[in-house]
Novice: 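What follows is a single structure, and I will ask about it in a moment.
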Number of protein chains: 2
Amino acid sequence: MSTDHGELTPTSYAILGLLALRPWTTYELAKQMDRALGYFWPRARSKLYEEPKKLVAHGYARATSESTGRRPRTMYSITAKGRRALAQWVPMPGSGPVLEFEQLIRVFFAEHGSKADLLRSLDEVRRWAEDRGEASVGIPEAYLAGTGAFPERLPWLILTGKFLHDFEQMIDRWAEWAIDTVESWPDDLASAEPDWQTLREMAAAERTLADRAAARRAEGD
Amino acid sequence: MSTDHGELTPTSYAILGLLALRPWTTYELAKQMDRALGYFWPRARSKLYEEPKKLVAHGYARATSESTGRRPRTMYSITAKGRRALAQWVPMPGSGPVLEFEQLIRVFFAEHGSKADLLRSLDEVRRWAEDRGEASVGIPEAYLAGTGAFPERLPWLILTGKFLHDFEQMIDRWAEWAIDTVESWPDDLASAEPDWQTLREMAAAERTLADRAAARRAEGD
DNA sequence: GTTGACATAGTCCCTCCCGGACTATACAAC
DNA sequence: GTTGTATAGTCCGGGAGGGACTATGTCAAC
């Protein structure tokens, strides 16, 4: 069916999903990714400009040339075939969460810096959470005020929104806890005392999760 | 100083940090990444085999040829110059957490599947958390038993460990909540009622974070 | 004492993807 | 009329993914 070799990736379907909402220019798509999808499926701009072309090549989208003044622009819209492909993709199993966290590498190797360095790294993390909060505070408020985009999708937008919210809160609370913990340490990291209490709590909680997984398997699942 | 073009990435310093603990063969390094660093800095095996060579080219590591029987292997160890470079890198600012979560795309576009499809996606997420719990349950227990690796690093290993733990718990709780929420919906997703209560709670919590960010900025930070 | 499974120790290569530099027009403000 | 910002993209080098491939070592089972 498709003559080109490039197969569709989750990024393709993410774009296709947006096209199912309404037609967009690539520029608008890129902006839209910044507002929502980009928080859990971040992709480079250059990719976002390529994907719609791939969708067109597969017959999943249609490109129409429009213009603002004498300046051309390309509007993309989904086809019936594209909707069918999307409906097939959505229910399929997907990959679990993948995390990249450079600042945590610097915490992991804290012994190569001072206590003050470590506290600075942790404070950076807390700021990240605060900045995130600032960036996203308007969105739930807009829906409460009835001005949010695509309100008919709100029930499941709240599901994904709460995930991002919980993620952000978790980071913030972790950073606060870590700062408190490190502040109680002596200046010489090498003589810091491990937080045994936290370690015991983690062991217990992991055990609970692991037991649930084992029980699930035992139930012949 | 360096004649080759490839500059050092966080991946390079992650490996360099491991070399600072003790010498390893590349194979051991790859295994070690699976055990800890890989959870917040996942990298392909092929990359892990290239990085030590780059470190040697920069004078940050030294390669020595050993053998097991007649089978050769390369042991890498850090140099004094490498330790200095690492000590410079660790305290520098790093990037905040970046998340990729394909399953959440499928939740985001839930309108293209059924309620049952959505529940299946969410259950997958819960299983992911359970499997993670199963995989990591032994680590805190080992340290409690006094058999964990590099016990002198335990204080900050607990910091990073708790982060991963909190991440996992957050995912698990979110999935449970989402499943409960969706189960209360009618079979036709289009007539589901938004969870206004959760939306209000999110708005309030984000506001708190955002205010803290604003206050921080006002304090001339 | 041989077979097979699994761990060790890598190499190779094609493709995906990043991300920053670059170009250019439209429009509004000063 | 210039300056700034939003719109609408293209280009490209290098990082990174990930699977296929090769080969030896070790240990337990048969």
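Residue numbering restarts at 1 for every chain, and letters A, B, ... go by the order of the sequence lines. On a predicted model such as this, the values are computed, not experimentally measured, just so you know.
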Novice: Between protein and nucleotides 24-26 of chain D, what N or O pairs are separated by less than 3.5 Å?
Specialist:
residue, atom, partner, partner atom, Å
D:dT24, O2, B:R71, NH1, 2.4
D:dG25, OP1, B:R70, N, 3.0
D:dG25, OP1, B:R71, N, 3.3
D:dG25, O4', B:R71, NH1, 3.3

Novice: Measure from CG on B:L8 to P on D:dG14 and round the result to the nearest Å.
Specialist: 15 Å

Novice: Are A:Q32 and A:R35 close enough, and set up right, to give a side-chain hydrogen bond (donor to acceptor under 3.5 Å, both in side chains), and what steps lead you there?
Specialist: CA-CA 5 Å; A:Q32 186 58 25; A:R35 297 224 341 259; 3.1 Å; yes

Novice: Taking the side chain as everything from C-beta on, heavy atoms only, tell me whether B:M92 gets closer than 4.5 Å to A:R120.
Specialist: no

Novice: Applying side-chain hydrogen bond (donor to acceptor under 3.5 Å, both in side chains), name anything that partners B:T11, two or more places apart in sequence or on another chain.
Specialist: B:W41, B:R43

Novice: Going by the angle between their ring planes, with limits at 30° and 60°, are A:F167 and A:W128 parallel, tilted or perpendicular?
Specialist: perpendicular

Novice: Looking at B:D131 and B:R127, does any basic side-chain N land under 4.0 Å from a carboxylate oxygen?
Specialist: no

Novice: Find out whether A:T25 and A:T74 are in side-chain contact, i.e. whether some heavy atom of one side chain is under 4.5 Å from a heavy atom of the other.
Specialist: no

Novice: What N/O pairs connect the protein and nucleotides 3-5 of chain C at under 3.5 Å? Give each pair on its own line.
Specialist:
none

Novice: For B:W41 and D:dG15, what is the distance between atoms CH2 and P respectively, to the nearest whole Å?
Specialist: 14 Å

Novice: The test is salt bridge (Lys or Arg N to Asp or Glu O under 4.0 Å); show your working for B:R217 and A:E134 and say whether it passes.
Specialist: CA-CA 12 Å; B:R217 259 189 264 284; A:E134 218 173 10; 2.3 Å; yes

Novice: Starting at CD of B:E7 and ending at P of D:dG15, how long is that distance when rounded to a whole Å?
Specialist: 9 Å

Novice: Determine the contact category for A:P52: base if any of its heavy atoms lies under 4.0 Å from a base atom, sugar-phosphate if only primed atoms, P, OP1 or OP2 are that close, otherwise nothing.
Specialist: nothing

Novice: B:E51 CD to C:dT11 P: how many Å, rounded?
Specialist: 14 Å

Novice: Check the phosphate of C:dG10 against B:K53, side-chain N and O only, distance under 4.0 Å to OP1 or OP2. Yes or no?
Specialist: no

Novice: Are the side chains of B:R212 and A:R126 in touch, meaning some heavy atoms are under 4.5 Å apart?
Specialist: yes

Novice: Determine whether A:D117 and A:S114 satisfy the following criterion, side-chain hydrogen bond (donor to acceptor under 3.5 Å, both in side chains), listing intermediate values before the conclusion.
Specialist: CA-CA 5 Å; A:D117 292 332; A:S114 66; 3.1 Å; yes

Novice: Check every atom of C:dG10, D:dG15, C:dC18 against the side chain of B:K54 and return the nucleotide holding the closest atom.
Specialist: D:dG15

Novice: Show each protein N/O and nucleotides 18-21 of chain D N/O combination with a separation under 3.5 Å, one pair to a line.
Specialist:
residue, atom, partner, partner atom, Å
D:dG18, N7, B:S46, OG, 2.9
D:dG18, O6, B:S46, OG, 2.8

Novice: To the nearest Å, give me how far apart OH (A:Y49) and P (D:dT10) are.
Specialist: 8 Å

Novice: Could you state the atom-to-atom distance from CD of B:Q32 to C1' of C:dA9 in whole Å?
Specialist: 17 Å

Novice: With sequence neighbours excluded, tell me which residues meet side-chain hydrogen bond (donor to acceptor under 3.5 Å, both in side chains) with B:S77.
Specialist: none

Novice: Roughly, in whole Å, what's the span from CZ in B:R43 to P in D:dG15?
Specialist: 12 Å

Novice: For B:P10, answer base if it contacts any base atom (sugar-phosphate contacts may also be present), sugar-phosphate if it contacts only those atoms, and nothing otherwise; contact means non-hydrogen atoms under 4.0 Å.
Specialist: nothing

Novice: Distance check needed: D:dT10 P versus A:R73 CZ, whole Å only.
Specialist: 15 Å

Novice: How about A:E111 and A:L189: do any of their side-chain heavy atoms sit closer than 4.5 Å?
Specialist: no

Novice: Please state whether the rings of B:W174 and A:F163 are parallel, tilted or perpendicular, taking 30° and 60° as the class boundaries.
Specialist: perpendicular

Novice: Give a yes or no on whether the backbone of B:G59 and the side-chain of B:T79 come within a donor-acceptor separation of less than 3.5 Å.
Specialist: yes

Novice: Would B:Q88 and B:R84 count as a side-chain hydrogen bond (donor to acceptor under 3.5 Å, both in side chains) here? Give the steps.
Specialist: CA-CA 6 Å; B:Q88 276 211 325; B:R84 285 194 299 274; over 6 Å; no

Novice: Which residues, if any, of residues 11-28 of chain A bring a heavy atom under 4.0 Å of DNA chain D?
Specialist: A:T25, A:T26, A:Y27

